[in-house]
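Computation of the quantities below employed the complete heavy-atom set of this structure, encompassing side-chain atoms and omitting hydrogens, waters and symmetry-equivalent molecules. Every chain is numbered from 1 and lettered A, B, ... according to where its sequence line falls, protein lines coming before strand lines.
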There are 2 protein chains.
Amino acid sequence: MRRDIFQAIADPTRRAIITLIALQAMTPNAIADNFQTTRQSVSKHLRILTECELVKQEQHGREIYYSLEIEKMKEIDKWLDQFRQIWKTKFNQLDNVLSTLKKQKK
Amino acid sequence: MRRDIFQAIADPTRRAIITLIALQAMTPNAIADNFQTTRQSVSKHLRILTECELVKQEQHGREIYYSLEIEKMKEIDKWLDQFRQIWKTKFNQLDNVLSTLKKQKK
DNA sequence: CGATTGTGCAGCCAATCGGTTGCAAATATA
DNA sequence: TATATTTGCAACCGATTGGCTGCACAATCG
């Protein structure tokens, strides 16, 4: 079982669940209402998200509220950092080209 | 075939390939040298990355140089935006708590 | 108490995944 | 021209995936 955050967000239903519970905690039944799938399949997705610590649970009686562990999302952001450096460089290169063109116009 | 960018970065080997060719274009053989797998399997990964437009090819004779389509990576960054808003809010909430504590101390 | 509701888990299944081997085509080299 | 190199693609294979059904268990309701 691989179960890392990148594998977790690979599935479109899981990404939708993440977005759904990002702002407010929800029960599995309430989450499942938003998808054309069974409650059990949503439950399976929640288990996967729990296993890689992307969601947390809070039990209220027989209801379980799931919400996003927002800090964990920063791991993706962290991985993207290496490419942000490149974006920046490319932008500067483009900037240089533009200012060269500007100077030639003068 | 799903073939979106999130499914593409789900595999650790593909993430490593992306990092490898982010700064300089490389041939499939050169890429495969960095992994304990066959050239054909790397070729398969490159095909998947090509299909979701994450890499571009440049042919030089019989050699094909693959490099990262860095702009495409921004799609992940874009998806993360919705969570950045939440990080910001959470930070402000923490900030409020801290300043309340500060006031109480006074 | 019995019935209903909310939930997780096991087992099944078709589809997909990531790897392999074997090949064919194109280019470079002798 | 014959040979070697670089590559992509097809076929196969075991493992994993994501969905389903059926169940068990606990909490709530009548």
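Taking the nucleotide of DNA chain D with the nearest heavy atom to each of A:T37 and A:G61, the more 5' of the two is matched to A:T37.
Of the side-chain N and O atoms in A:Q7, one or more sit less than 4.0 angstrom from OP1 or OP2 of D:dT17. Distances shown here put a side-chain N or O of B:R14 below 4.0 Å from the OP1 or OP2 atom of C:dG18. Side-chain N/O atoms of A:T13 include one lying less than 4.0 angstrom from OP1 or OP2 on D:dG19. An OP1 or OP2 oxygen of D:dT17 is reached within less than 4.0 angstrom by a side-chain nitrogen or oxygen of A:R3. Checking the phosphate oxygens (OP1, OP2) of D:dT7, a side-chain nitrogen or oxygen of B:N29 falls inside 4.0 Å.
Between the CD atom of B:Q59 and the C1' atom of C:dA28 there is a distance of 13 Å, rounded to whole Å. Whole-Å rounding puts the B:L46 CG to D:dC9 P distance at 11 Å. Rounded to whole Å, atom P of D:dG19 lies 9 Å from atom CD1 of A:I48. Atom CD in A:E51 sits roughly 14 Å away from atom P in D:dT16 (whole-Å rounding). We find that OH of B:Y65 is positioned 8 Å from P of D:dT7, with the value rounded to whole Å. Nucleotide C:dG18 holds its C1' atom 13 Å from the CG atom of B:L49, rounded to whole Å. One can place CD1 of B:I31 at 12 Å from C1' of D:dT7, the figure rounded to the nearest angstrom. Distance, A:K44 NZ to D:dC23 P: 17 Å, rounded to whole Å.
Taking only side-chain atoms of A:P28, from C-beta outward, the nucleotide of D:dT28, C:dG8, C:dG11 with the closest atom is C:dG8. When each of D:dC20, D:dG8, C:dC9 is scored by its nearest atom to the side-chain atoms of B:R39, the top-ranked nucleotide is D:dG8. Distances were taken from every side-chain heavy atom of B:D11 (C-beta onward) to each of C:dG18, D:dG19, D:dT7; the shortest belongs to C:dG18. Picking from C:dT27, C:dG8, C:dT20 the nucleotide with the shortest atom distance to the side chain of B:T38 gives C:dT20. Relative to the side chain of A:I64, the nucleotides D:dG19, C:dA28, C:dG8 differ in distance, and C:dG8 lies closest. If you check C:dT20, C:dG19, D:dG18 against the side chain of A:H45, the one that comes closest is D:dG18. Among the nucleotides D:dT21, C:dG11, C:dG6, the one closest to any side-chain atom of A:E63 is C:dG6.
Rounding to the nearest 0.5 Å gives a distance of 9.0 Å between CZ of A:F83 and CG of B:L23. A:M26 CE to A:L46 CG: the interatomic distance, rounded to the nearest 0.5 Å, is 10.5 Å.
At the heavy-atom level, A:R47 lies under 4.0 Å from the strands shown only through sugar-phosphate atoms. Across all strands, A:S41 comes closer than 4.0 Å only to sugar-phosphate atoms, never to a base (heavy-atom distances).
Residues B:Q7 and B:R14 form a side-chain contact, since some pair of their non-hydrogen atoms from C-beta on lies under 4.5 Å apart. Considering only heavy atoms from C-beta on, A:E63 stays 4.5 Å or farther from A:N29 through its side chain.
You'll find a donor-acceptor pair under 3.5 Å spanning the side chain of A:Q40 and the base of D:dG22, going by distance alone. Not a single donor-acceptor pair, N or O on each side, falls under 3.5 Å between the base of D:dT6 and the side chain of B:R62. In terms of polar N and O atoms assigned as donor or acceptor, the side chain of A:Q57 never comes within less than 3.5 Å of the base of C:dG8 in a complementary pairing.
When each of A:T13, A:L49, A:V55 is tested with A:I18 by the rule side chain to side chain contact (heavy atoms under 4.5 Å, CB included), just one qualifies, namely A:L49. If you run side chain to side chain contact (heavy atoms under 4.5 Å, CB included) between B:H45 and each of B:I31, B:T50, B:D11, only B:D11 comes through.
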